[in-house]
Amino acid sequence: MRAQVAIIGGGPSGLLLSQILMRAGISTVVLERQTRDYVLGRIRAGVLERGAVEMLHRAGCGERLAREGIAHEGCNLSTVKGMFRVDFQARVGEAVTVYGQTEVTQDLYAAQDAMGVVIIHEAANVALHGLEGSAPWVSYEKDGQSHRIDCDYIAGCDGFHGISRQSIPADKRTEYERVYPFGWLGVLSPTAPAAEELIYANHPRGFALASMRNEKLSRYYIQVPLSDKVEDWSDLAFWDELKRRLPAEVAESMETGPSIEKSIAPLRSFVAEPLRWGRLFLVGDAAHIVPPTGAKGLNLAASDVHYLSEALQGAILESDAGALDQYGPRALKRIWGAMRFSWWMTSILHRFPGQSDFDQKIQESELLQLETLESAQVTMARNYTGLPY
Ligand code: RFL
Ligand code: PHB
């Protein structure tokens with residue numbers, strides 16, 4: 001098989017890149033290790049920046065998003081001293097859209113199916129070859145048979161645990177990393193959201209987040225030690241702990257019910273550089289991970305796709321090979337912006353093991369500035385709603 005661009009990974013990065021390139025007349029093939037049901041079963045991001053929303057519209061898959069996405073013009077932060085709101089609209093004239101990653105992925109699959117794109121699921125032992133030459137190729141196995149795809153370029157959209165990043169020689173790669181000493185226990189529940197907007201809570205017992213997917217589906221998270229297992233947390237224990245960490249007036253009136261998904265995710269900041277190795281380009285979680293506190297992961301994947309799709313169109317449609325050199329520097333500037341913001345949000349909202357009284361006072365001071373200084377709110381709102389592309 002031959003395609004101009006071979007895309008490794010059928011998550012949001014890979015599908016969106018494929019969708020944009022195909023619409024530009026560039027042929028793609030997507031290789032995904034899992035089944036489609038598995039990919040669609042993952043409950044992850046819930047907040048989209050305007051840049052990501054506009055990309056989905058431009059890619060011809062924004063119809064349901066326009067109907068079902070919920071605009072949020074602010075969010076709440078809570079401390080033991082009370083709750084305050086940061087008004088994104090008033091501070092920077094922007095909003096975010098609440099729409100689940102599962103829905104984004106479903107819409108992208110539907111659009112790709114309509115265009116007849118080849119998406120190969122359950123592709124095993126994917127390996128990349130000839131990256132430093134002009135004729136790269138990809139090998140994989142499916143149903144016990146070996147296959148080969150010849151291509152001009154390869155996009156590594158295979159997430160943090162994929163093989164693309166590992167295909168860049170270790171001595172040519174620099175990895176920047178911070179691992180946080182806690183995780184997030186997340187619960188999806190068919191209940192009405194606790195509040196109209198998200199609540200990020202700093203609490204002595206640990207961080208909590210009240211989020212949502214729609215008016216009948218809530219998403220909640222609490223900070224837990226990395227040693228905790230999902231089985232340790234009954235639904236009852238989860239609701240009890242969540243309510244202790246949210247403002248009392250919210251906890252008292254919130255609806256609880258069965259959980260339909262429960263999982264623990266570790267928190268990490270990670271960037272691998274460079275993003276380009278010969279004919280291979282790293283995109284999304286394959287190149288970087290942010291802690292979910294700033295809601296940036298999926299949005300960064302979208303901006304990477306934006307920069308790479310422009311570079312590939314320049315190279316393939318306009319014979320501008322120099323466009324490819326622009327991808328890494330353009331994407332990394334925005335990646336490091338989101339790294340800083342999600343590290344900062346994580347730092348001010350979580351309880352760190354061994355947190356000293358001094359650390360505690362600094363957190364309180366950060367939150368007080370955010371509550372009382374318009375300039376601090378402008379910076380927060382600018383970053384939360386998305387740095388410019
Ligand atoms: P994905 O989604 O991991 O997809 C990669 C795909 O590649 C496949 N794959 C392979 N395929 C072929 N061969 C191989 N060897 C392969 N290895 C892997 C995988 O099966 C998978 O299908 O990466 P992508 O596309 O870059 O998308 C990134 C986003 O998924 C991620 O950044 C977000 O989910 C992060 N995130 C959030 N982002 C936001 O913008 N806003 C949020 O509110 C938000 N909340 C979250 C999050 C991530 C979370 N977790 C669980 C990590 C909340 C959580 C709890
Ligand atoms: C979510 O709804 O899953 C969500 C929202 C905001 C975040 C992280 C996750 O910062």
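Start at 1 and go down the list; that is how both ligands and their atoms are numbered.
- When only interatomic distances are considered, the shortest N/O to N/O separation between Tyr384 and ligand 2 does not fall below 3.5 Å.
- Atoms of ligand 2 lying under 4.0 Å from at least one heavy atom of Ala295, given by number and element, are 6 (C), 7 (C), 10 (O).
- Note that Lys243 lies outside the cation-pi zone of Phe238, set by a 6.0 Å cut-off to the ring centre and a 45° limit from the axis.
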Side chain to side chain contact (heavy atoms under 4.5 Å, CB included) between Val126 and Asp158, intermediate numbers included: CA-CA 10 Å; Val126 173; Asp158 48 353; over 6 Å; no
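- Looking only at heavy atoms of the protein, atom 8 (C) of ligand 2 is closest to Pro292 O, 3.3 Å.
- Here the closest non-hydrogen pair linking Trp239 and Gly257 is NE1-O, 2.8 Å.
- In plain terms, the two heavy atoms of Ala323 and Gly314 that are nearest each other are CB-CA, 4.3 Å.
- The shell of residues lying under 4.0 angstrom from ligand 2, judged by heavy atoms, includes Trp184.
- Residue-ligand proximity, Val47 to ligand 2, at heavy-atom distances under 4.0 Å covers atoms 5 (C), 6 (C).
- One N or O on the side chain of Ser218 and one on the backbone of Thr191 form a donor-acceptor pair closer than 3.5 Å.
- In terms of protein heavy-atom proximity, atom 9 (C) of ligand 2 is nearest to Tyr221 CE1, 3.6 Å.
- Distances from ligand 2 to the non-hydrogen atoms of Ile43 include no value under 4.0 Å.
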Intermediate values then yes/no, salt bridge (charged side-chain N to carboxylate O under 4.0 Å, His left out), Arg213 and Glu103: CA-CA 10 Å; Arg213 291 294 175 270; Glu103 313 311 315; over 6 Å; no
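- Remark: the Gln223 side chain and the Arg205 side chain contain no N/O donor-acceptor pair separated by less than 3.5 Å.
- Taken together through direct or relayed side-chain contacts under 4.5 Å among Ile, Leu, Val, Met, Phe, Trp and Tyr, Trp184 and Val224 form parts of separate hydrophobic clusters.
- Proximity of Thr293 to ligand 2, defined as any heavy-atom pair under 4.0 Å, is confined to the backbone N, CA, C and O atoms.
- Scanning the protein heavy atoms around atom 2 (O) of ligand 2, the nearest turns out to be Ser211 OG, 2.6 Å.
- Panel note: side chain Asn299, backbone Glu49; a donor-acceptor pair is recorded below 3.5 Å.
- Of all the atoms in ligand 2, the ones that sit under 4.0 Å from a non-hydrogen atom of Leu198 are 5 (C), 6 (C).
- Using a 4.0 Å heavy-atom cutoff, Arg213 is listed among the residues neighbouring ligand 2.
- Under a 4.0 Å heavy-atom criterion, Arg44 is in contact with ligand 2.
- For His350 and Tyr180, the gap between ring centers reaches or exceeds 6.0 Å.
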Below 3.5 Å only, please: the N or O atoms of ligand 1 paired with protein N or O atoms, distance on each line.
{"unit_1": "ligand 1", "atom_1": "2 (O)", "unit_2": "Arg44", "atom_2": "NH1", "d": "3.1"}
{"unit_1": "ligand 1", "atom_1": "3 (O)", "unit_2": "Arg44", "atom_2": "NH1", "d": "3.2"}
{"unit_1": "ligand 1", "atom_1": "11 (N)", "unit_2": "Arg33", "atom_2": "N", "d": "3.1"}
{"unit_1": "ligand 1", "atom_1": "17 (N)", "unit_2": "Arg33", "atom_2": "NH2", "d": "3.3"}
{"unit_1": "ligand 1", "atom_1": "20 (O)", "unit_2": "Glu32", "atom_2": "OE2", "d": "2.6"}
{"unit_1": "ligand 1", "atom_1": "22 (O)", "unit_2": "Glu32", "atom_2": "OE1", "d": "2.7"}
{"unit_1": "ligand 1", "atom_1": "22 (O)", "unit_2": "Glu32", "atom_2": "OE2", "d": "3.2"}
{"unit_1": "ligand 1", "atom_1": "22 (O)", "unit_2": "Arg42", "atom_2": "NH2", "d": "2.7"}
{"unit_1": "ligand 1", "atom_1": "25 (O)", "unit_2": "Pro12", "atom_2": "N", "d": "3.3"}
{"unit_1": "ligand 1", "atom_1": "25 (O)", "unit_2": "Ser13", "atom_2": "N", "d": "2.9"}
{"unit_1": "ligand 1", "atom_1": "25 (O)", "unit_2": "Ser13", "atom_2": "OG", "d": "3.1"}
{"unit_1": "ligand 1", "atom_1": "26 (O)", "unit_2": "Ser13", "atom_2": "OG", "d": "2.7"}
{"unit_1": "ligand 1", "atom_1": "26 (O)", "unit_2": "Asp285", "atom_2": "N", "d": "3.0"}
{"unit_1": "ligand 1", "atom_1": "30 (O)", "unit_2": "Arg44", "atom_2": "NH1", "d": "3.1"}
{"unit_1": "ligand 1", "atom_1": "30 (O)", "unit_2": "Gln101", "atom_2": "NE2", "d": "2.7"}
{"unit_1": "ligand 1", "atom_1": "32 (O)", "unit_2": "Asp285", "atom_2": "OD1", "d": "2.7"}
{"unit_1": "ligand 1", "atom_1": "32 (O)", "unit_2": "Asp285", "atom_2": "OD2", "d": "3.3"}
{"unit_1": "ligand 1", "atom_1": "32 (O)", "unit_2": "Gly297", "atom_2": "O", "d": "3.4"}
{"unit_1": "ligand 1", "atom_1": "32 (O)", "unit_2": "Leu298", "atom_2": "N", "d": "3.4"}
{"unit_1": "ligand 1", "atom_1": "34 (O)", "unit_2": "Gln101", "atom_2": "OE1", "d": "2.6"}
{"unit_1": "ligand 1", "atom_1": "38 (N)", "unit_2": "Gly297", "atom_2": "N", "d": "3.2"}
{"unit_1": "ligand 1", "atom_1": "38 (N)", "unit_2": "Leu298", "atom_2": "N", "d": "2.9"}
{"unit_1": "ligand 1", "atom_1": "40 (O)", "unit_2": "Ala295", "atom_2": "O", "d": "3.1"}
{"unit_1": "ligand 1", "atom_1": "40 (O)", "unit_2": "Gly297", "atom_2": "N", "d": "3.2"}
{"unit_1": "ligand 1", "atom_1": "40 (O)", "unit_2": "Leu298", "atom_2": "N", "d": "2.7"}
{"unit_1": "ligand 1", "atom_1": "40 (O)", "unit_2": "Asn299", "atom_2": "N", "d": "3.2"}
{"unit_1": "ligand 1", "atom_1": "40 (O)", "unit_2": "Asn299", "atom_2": "ND2", "d": "3.3"}
{"unit_1": "ligand 1", "atom_1": "41 (N)", "unit_2": "Ala295", "atom_2": "O", "d": "3.3"}
{"unit_1": "ligand 1", "atom_1": "43 (O)", "unit_2": "Gly46", "atom_2": "N", "d": "3.2"}

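- In terms of polar-atom proximity, Tyr200 is counted as a contact of ligand 2, with an N or O under 3.5 Å from an N or O of the ligand.
- The structure places CG of Asp113 at 10.5 Å from CG of Leu108, a figure rounded to the nearest 0.5 Å.
- Contact record, Ala331 with Asp304: CB-OD1, 3.8 Å, taken as the closest heavy-atom pair.
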